[in-house]
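Any value given below was found using the heavy atoms of this structure, including those in side chains, with hydrogens, waters and symmetry copies removed.
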Amino acid sequence: MSSLVSAPFATATGAQKKARGPRPAPLHSFLLTGRRGRRATIRCAVPGNGLFTQTNPDVHRVVPAERDLPRVKVVYVVLEAQYQSSSRRRDAAQRRPRRAAEFEVVGYLVEELRDADTYAAFCDDVAAANVFIGSLIFVEDVALKVRDAVAKHRDRMDAVLVFPSMPEVMRLNKLGSFSMAQLGQSKSPFFQLFKRNKKDSSGFADSMLKLVRTLPKVLKYLPSDKAQDARLYILSLQFWLGGSPDNLQNFLKMIAVSYVPALKGADIRYNDPVLFLDTGIWHPLAPTMYDDVKEYLNWYGTRRDANDRLKNPEAPVIGLVLQRSHIVTGDDGHYVAVIMELEARGAKVIPIFAGGLDFSGPIERYLVDPITKKPFVNAVVSLTGFALVGGPARQDHPKAIASLMKLDVPYIVALPLVFQTTEEWLNSTLGLHPIQVALQVALPELDGGMEPIVFAGRDPRSGKPLIRKSHALHKRVEQLCTRAIRWAELKRKTKMDKKLAITVFSFPPDKGNVGTAAYLNVFSSIYSVLRDLKKDGYNVEGLPETPEELIEEVIHDKEAQFNSPNLNVVYRMNVREYQALTPYANMLEENWGKPPGHLNSDGENLLVYGKQYGNIFIGVQPTFGYEGDPMRLLFSKSASPHHGFAAYYTFVEKIFKADAVLHFGTHGSLEFMPGKQVGMSDACFPDSLIGNIPNIYYYAANNPSEATVAKRRSYANTISYLTPPAENAGLYKGLKQLSELIASYQSLKDTGRGNQIVSSIISTAKQCNLDKDVALPDEGEELPANERDLVVGKVYGKLMEIESRLLPCGLHVIGEPPTAVEAVATLVNIAALDRPEENIFSLPGILAATVGRTIEDVYRGSDKGILADVELLKQITEASRGAVGAFVEKSTNSKGQVVDVTSKLSSILGFGLSEPWVEYLSQTKFIRADRDKLRTLFGFLGECLKLIVADNELGALKTALEGSYVEPGPGGDPIRNPKVLPTGKNIHALDPQSIPTAAAMKSAKIVVERLLERQKADNGGKYPETIALVLWGTDNIKTYGESLAQVMWMLGVEPVTDGLGRVNRVEPVSIEELGRPRIDVVVNCSGVFRDLFINQMNLLDRAVKMVAELDEPIEMNYVRKHAMEQAEELGVSVREAATRIFSNASGSYSSNVNLAVENASWTDEKQLQDMYLSRKSFAFDSDAPGVGMLEKRKTFELALATADATFQNLDSSEISLTDVSHYFDSDPTKLVQGLRKDGRAPSSSIADTTTANAQVRTLSETVRLDARTKLLNPRWYEGMMKSGYEGVREIEKRLTNTVGWSATSGQVDNWVYEEANTTFIEDEEMRKRLMDTNPNSFRKLLQTFLEANGRGYWETSEDNLERLRELYSEVEDKIEGIDR
């Protein structure tokens, strides 16, 4: 039997007519073009107050006519609107004449209850209700509101029925003698069924389904007086899950006649629930639901209405994942639209559904051939928006991934609007509601879901007959279906015929910067990829012999002089062709005028730069276009892409006709173009630009936040690549000499030579400029022995800090895993962290214990400069390196490559052979280290070693190009989270509602207390009243919310987790417990943090406002103190004045200070500060979250003017202050000084949690440490030079970023520039290498030195300046091909 019931679906003819009737007019977006390209305006149908869901509950209120009949009032709350559409039809049926009772039915959506007026109306309705029904209430703050409103009247009500929801709401259940008040506590076998099975964590809804199926077994355990009530509860669940109007009508009849006293004995009859399949296959034209895929395919193959394309056995097949509730409630119009669109485009469909929240079983049962184990489909699109297993409740991502791995096709998760109406979404610059982003974008990404395209909306008001249904967004449905088919075609097309467009970046725009990507040797990597693709059967005709030749062919125009500044032109697109092929071209004219414009143009044509090799095109993505224009950089919102940018993607899709585009490295500009933050419309530029091309994107594994932006805004399948192997910075030149002097002192300090050696140490330390970091006495000053030890200890500690600093050496090449030696430093740092959740102790901690110390105690002593502790820490560090090195050596071959880790490890751990780490430690003072702890630790390190040397970067790319499923994996810091490895995964972030974790909060408290201690020490014992700080997306992903938690602890609040482990609220810590004043904050959220963590911005804003309204003395609550002052000045309430959470306008990123500095397109520091204020003064308001980011510049300035300190975090070794421009781009140090009434410069601090020994340093200390370990360190710059062309650019970039710090903070010492000049300019051999390897980047290096002097940041000799000018002229001639 193929189904349990034949549902009444439309006939084929009727459905076809409906589906193929006239298409509705396209839905417009927030960017509408009226006549002459002007933007039109859409107004919400329902006026808003800043919340998202602004529907009037009266539109889903049914009030019966006044008759002399008993009245039953039913109030219900649901997550989604499909039950409302079914219930409206049920309500109409309930009002037919000759009834025994009248039903008043009022429905609410979960998110509507955030509105104060709506919640008040809800409370009034509940107070008068006989029956309350709730379902899928999983948003904690709303769940608590529901609980509070219903709990007051629970005992009075006749029935309270809550279906899958949070435990707090589930406990409200009451039906006669049946109650769930003890849910989670009772040991009754009945309640055991509601507990989550850890082995099969499909979620609570599936436990409910299990309950329905096991009814007979349950009832035998229940006392007879409770059996009837329990049975009716389970019948209620069956009715509810059935969801059809008939089921819901009978459900209400059953509850009313059974539990409403006025209807006891009334003649109200009801039928048993009509049962539908729990899982199956559904098609709107099919006569029934199917639970056998072969039966469905038999029906599909005999359809008379199918066109020839559908009958073609070679037609692509798309699997669809649907929610059964939409089908049985009749709210399926959006599903029908997708099915019909796919079929109209020649794709077959297999639409599967599930009644619970676990879709993994149906995926395997209906989409995979049980005999061949091959998929029936070429791609899968989930239309539920939910994670594959668990929906909005608890998820089981490993189970989902296992099912999707078996299926092995691209997995797309599209979205119906749930918490907004269509108009609200169209008008919102944020795009999707933050709760929907958390539940239906972030969570499916953990399963490997891609392309969060909004395909369905809902009306603000119910239409005829007041039925609130989902409707298809036809332009979005077309986009979704076309993209799904394009992914499916990758599965079917031959390799020889596939066309791939590899896109590289050039930023800042300069010929020396072509192939920009973080940590990546781009052209060597492209060469490696193309060589592998060619071997695999792709058409890569004419590939050069070397990566160097590849660079030459791409960056030089062969038709001009060899050294022309122009790149190679692959295509000239005339204006008429551009306008015909680019439907959104007129939308660019407001910012850029008529095409072709002056960017990527020869005045007549738009130019596409790159080179074609067979079916492979390597193209250079144009830049933003405004980076060199100071006036455009001052605009608060970013400009649209220019015509040249649009022409590039038009060429790729419509002229080259790429089957896929591969964006090569972190990162380009496409995903940062203006548009909604998440949930693109057809007028968002990332959506328009990428068009219908499958987008594959190589992204650095340590940057999950920006990778997630690319995933959400440009629909990228992001594949992670490894950052370069880390090694210790080491010591060089004077620093090495200083180390040798300290070794002499330790062996001779008790002889008469102690003072003499200390004097040499002081002299050498000053020559190395360490006197800026360590207080040093005068040379020759006689010191007592204990003071000598302290001076030497402090210098020694600073040297060890420099020597042990991890730095990435060179640049990574795709497909080249690290060698064994290169893996050691990473493993040593992995071993340095305690992992209590896995019962793993850190190696330094184990070694310190052997000498009766804790490692934290040793760290603190070393930080204070206690010589014995500095020496002990050095010994622990060296022993750690030696033990790990000995372990790795056992797993290497003669070539130094790691091989056969598994068998080596099992032989060491399994058969008791002499353990290499024990052998090594037996020769040190740590011979008694705990063997069991070491064995556990090295077992873990063995697993990590396997992950480090695994190589799937090329494999994952080929998997994606073949239209297969790329396994997802987290991004982040591999030292903190080795699960980031191996690379070659579809990189994702995390559940945004899971942070900050308890561990992050613990770490944050330590850092905040150290920061405040240092501030007090430097400011006469006074606490800072306000700290201005930055929140980054990637940092909070890597650390699970440490910097977010730091803000909370400054305010004196703590996060509260709900029953599902999610953080959605905070509570204040008492002043007594805090032991200090509450510190005011000014939080600058990066644009990426804003996109990924809008819920956390909401949380922080609520926290600040809560603290500002606490009745506490202002000397103990600086938030309240400043908010009261600012409220008076601004003429607003204290709550509004307490606005502290700022970022860019939605769809814009960065302050543009970095662009101005990188392109030298600024006149003075005031201009940079104006950019910062203009771009960063958009505030988030938790009282009106739907409004998005509102410009509040005056409030921003007043808040910054109170800042006593500025603060940022460094959390991983790969990225430090001068590695990227983001850090100085967000630094307001000089700006704050200008805003403060006293003109005092704020102190500036950096928290460094890159190692287990967290530090808080001044900004100037950190800049010096950065310069010593990277820019001026031979180990670093020689590693870069090995990467050739790209390496020179990396050196130049560090110097440019150093100038950025001078501009924003003034915290760069003159000697840094002087030493850099000595290293790269005065050294003739180095100078020649730089010029020959990348003359364009060398020219920029010279320009930056001259700029640093011209702006007053570097004082140097006239001889140095003259040499720089002469070299600049020489390199200009070389670039232009002039031979003097």
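A side chain to side chain donor-acceptor pair (under 3.5 Å) with Glu343 is found for exactly one of His283, Lys348, Arg309, namely His283. Each of Thr279, Asp358, Ile352 was scored for a side chain to side chain contact (heavy atoms under 4.5 Å, CB included) with Ile363, with one residue passing: Ile352.
Trp240 and Phe163 have their aromatic ring centers within a separation under 6.0 angstrom.
The CG atom of Leu297 lies 5.0 Å from the CD1 atom of Ile350; values are rounded to the nearest 0.5 Å. If you take CG on Asp396 and OG on Ser360, they are separated by 8.0 Å, rounding to the nearest 0.5 Å. Here Phe455 contributes atom CZ and Leu417 contributes atom CG; the two are 9.5 Å apart, rounded to the nearest 0.5 Å. Distance CZ/Phe419 to CG/Leu79: 4.5 Å, rounded to 0.5 Å. For the atom pair CG (Leu961) and CD1 (Ile696), the distance works out to 4.0 Å, reported to the nearest 0.5 Å.
Judged by distance alone, the side chain of Lys399 and the main-chain N or O of Val389 form no donor-acceptor pair under 3.5 Å. Side-chain atoms of Asn247 come within 3.5 Å of backbone N or O of Val274 as a donor-acceptor pair. Put simply, the side chain of Lys985 never gets that close to the backbone of Pro970: no donor and acceptor are under 3.5 Å apart. A donor-acceptor contact shorter than 3.5 Å links the side chain of Ser165 to the backbone of Leu136. Using modelled atom types, one side-chain atom of Asp447 and one backbone atom of Leu388 make a donor-acceptor pair closer than 3.5 Å.
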TODO: May I have the step-by-step check of side chain to side chain contact (heavy atoms under 4.5 Å, CB included) for His474 and Glu341, ending in yes or no?
DONE: CA-CA 9 Å; His474 289 277; Glu341 184 68 33; 5.8 Å; no
Open item on the list: Checking Arg486 against Glu489 for the salt bridge (charged side-chain N to carboxylate O under 4.0 Å, His left out) test, could you report, in this order, the C-alpha distance in whole Å, the side-chain angles of both residues, the deciding distance, and whether it holds?
Closed with: CA-CA 5 Å; Arg486 292 291 299 274; Glu489 291 292 350; over 6 Å; no
- [ ] Would you sort out whether Leu252 and Tyr270 count as a side chain to side chain contact (heavy atoms under 4.5 Å, CB included), showing the intermediate values?
- [x] CA-CA 9 Å; Leu252 281 194; Tyr270 59 89; over 6 Å; no
Open item on the list: Working note: Val418 + His433, criterion side chain to side chain contact (heavy atoms under 4.5 Å, CB included); need CA distance, chi angles, decisive distance, verdict.
Closed with: CA-CA 8 Å; Val418 174; His433 188 295; over 6 Å; no
Task: Audit row: Arg324, Asp278, salt bridge (charged side-chain N to carboxylate O under 4.0 Å, His left out) steps and yes/no - done: CA-CA 8 Å; Arg324 191 186 69 172; Asp278 286 344; 3.7 Å; yes
Open item on the list: Quick one, Trp425 with Leu473, criterion side chain to side chain contact (heavy atoms under 4.5 Å, CB included). Give me CA distance, side-chain angles, the key distance, then yes/no.
Closed with: CA-CA 12 Å; Trp425 167 69; Leu473 305 173; 3.7 Å; yes
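Looking at heavy atoms from C-beta onward, Ile401 lies in side-chain contact with Tyr965 at the 4.5 angstrom threshold. Using a 4.5 Å heavy-atom threshold, the side chains of Val381 and Val338 count as separate. In this structure, Val162 and Met180 have side chains that are not in contact, with every pair of non-hydrogen atoms separated by 4.5 Å or more. Two residues are said to be in side-chain contact when any heavy atoms from C-beta on lie closer than 4.5 Å; Asn952 and Glu967 fail this criterion. Taking 4.5 Å as the limit, every side-chain heavy atom of Arg365 sits out of range of all side-chain heavy atoms of Val293. Considering only heavy atoms from C-beta on, Leu432 stays 4.5 Å or farther from Gln440 through its side chain. For the pair Leu109 and Arg458, the minimum side-chain heavy-atom distance is below 4.5 Å.
Taking both residues in full, the closest heavy atoms of Ile318 and Ala488 are given as CD1-CB, 3.8 Å, listed atom of the first, atom of the second, then distance. The two atoms that bring Lys711 and Gly449 nearest to each other are CD-O, 4.4 Å, heavy atoms only. Across all non-hydrogen atoms, the minimal contact from Trp487 to Ile412 is CD1-CD1, 3.9 Å. Between Met340 and Pro284, the shortest heavy-atom distance links the atoms CE-CG, 4.0 Å. A pairwise comparison of heavy atoms in Leu480 and Leu383 identifies CD2-CD2, 4.0 Å as the closest pair. Taking every heavy atom of both residues into account, Leu322 and Trp282 meet most closely at CD1-CE3, 3.5 Å.
Contact check on Asp305 versus Arg303 returns a salt bridge, with a Lys/Arg side-chain nitrogen under 4.0 Å from an Asp/Glu carboxylate oxygen. Note on Glu364 versus Lys406: salt bridge recorded, some NZ/NE/NH1/NH2 to OD/OE distance being below 4.0 Å.
A donor and an acceptor atom, one from each side chain of Gln323 and Thr384, are nowhere located under 3.5 Å apart. Of the N and O atoms on the side chains of Ser470 and Tyr335, not one donor lies less than 3.5 Å from an acceptor on the other residue. Side-chain contact check for His326 and Asp332: no donor-acceptor pair (N or O, by modelled atom type) lies under 3.5 Å.
Residue Asp497 places its CG atom among more than 12 non-hydrogen atoms of other residues, nucleotides or ligands, all under 6.0 Å distant.
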